[in-house]
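Below: one structure, written as structure tokens.
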Amino acid sequence: MSDTNQSDTSTPKKNILWVILSGGMAITFMVMLFLPDTGMGSGILNIYSAMLWWGIFGASLFKYLDRSGWFGFAAGSAAGMLIQILSQIV
């Protein structure tokens, strides 16, 4: 019999890789919204992409912090929508 703690072996290690990857994509789309002539265009698709990537980033961040991924996705999507609206004003 080994003296290892059972709870340490049964809990998976947290992986921050998905938080970094989704955050990088969210920041990429945010920069593309504020820079002119980057290919995002002024159509309705840019709000969906901003909401999607910021939502994925929020979900992965909240799951990493042991919170509800759905709430993180909703908060991230709302942040993406606000960033897109702000980029149209600026």
List the residues meeting side-chain contact (heavy atoms from CB on, under 4.5 Å) with [X], not counting sequence neighbours, and say none if there are none.
| X | result |
| --- | --- |
| L52 | I56 |
| L21 | L17, W18 |
| I20 | I16 |
| I85 | M81, I89 |

Minimum-distance pair of heavy atoms, taken over all atoms of A50 and Q84: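 It is CB-CB, 4.4 Å.
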Mind checking the [atom1]-[atom2] spacing from [X] to [Y]? Nearest 0.5 Å is all I need.
| X | Y | atom1 | atom2 | result |
| --- | --- | --- | --- | --- |
| M25 | S49 | CE | OG | 9.0 Å |
| I27 | W54 | CD1 | CH2 | 5.5 Å |
| F57 | M30 | CZ | CE | 10.5 Å |

Non-neighbouring partners of F62 that pass ring pair (Phe, Tyr, Trp, His ring centres under 6.0 Å), sequence neighbours left out: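 F62 satisfies ring pair (Phe, Tyr, Trp, His ring centres under 6.0 Å) with F71 once adjacent residues are dropped.
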Shared-cluster residues of L82, by chain and number - hydrophobic side chains joined below 4.5 Å: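 None, because no other hydrophobic side chain comes under 4.5 Å of this residue.
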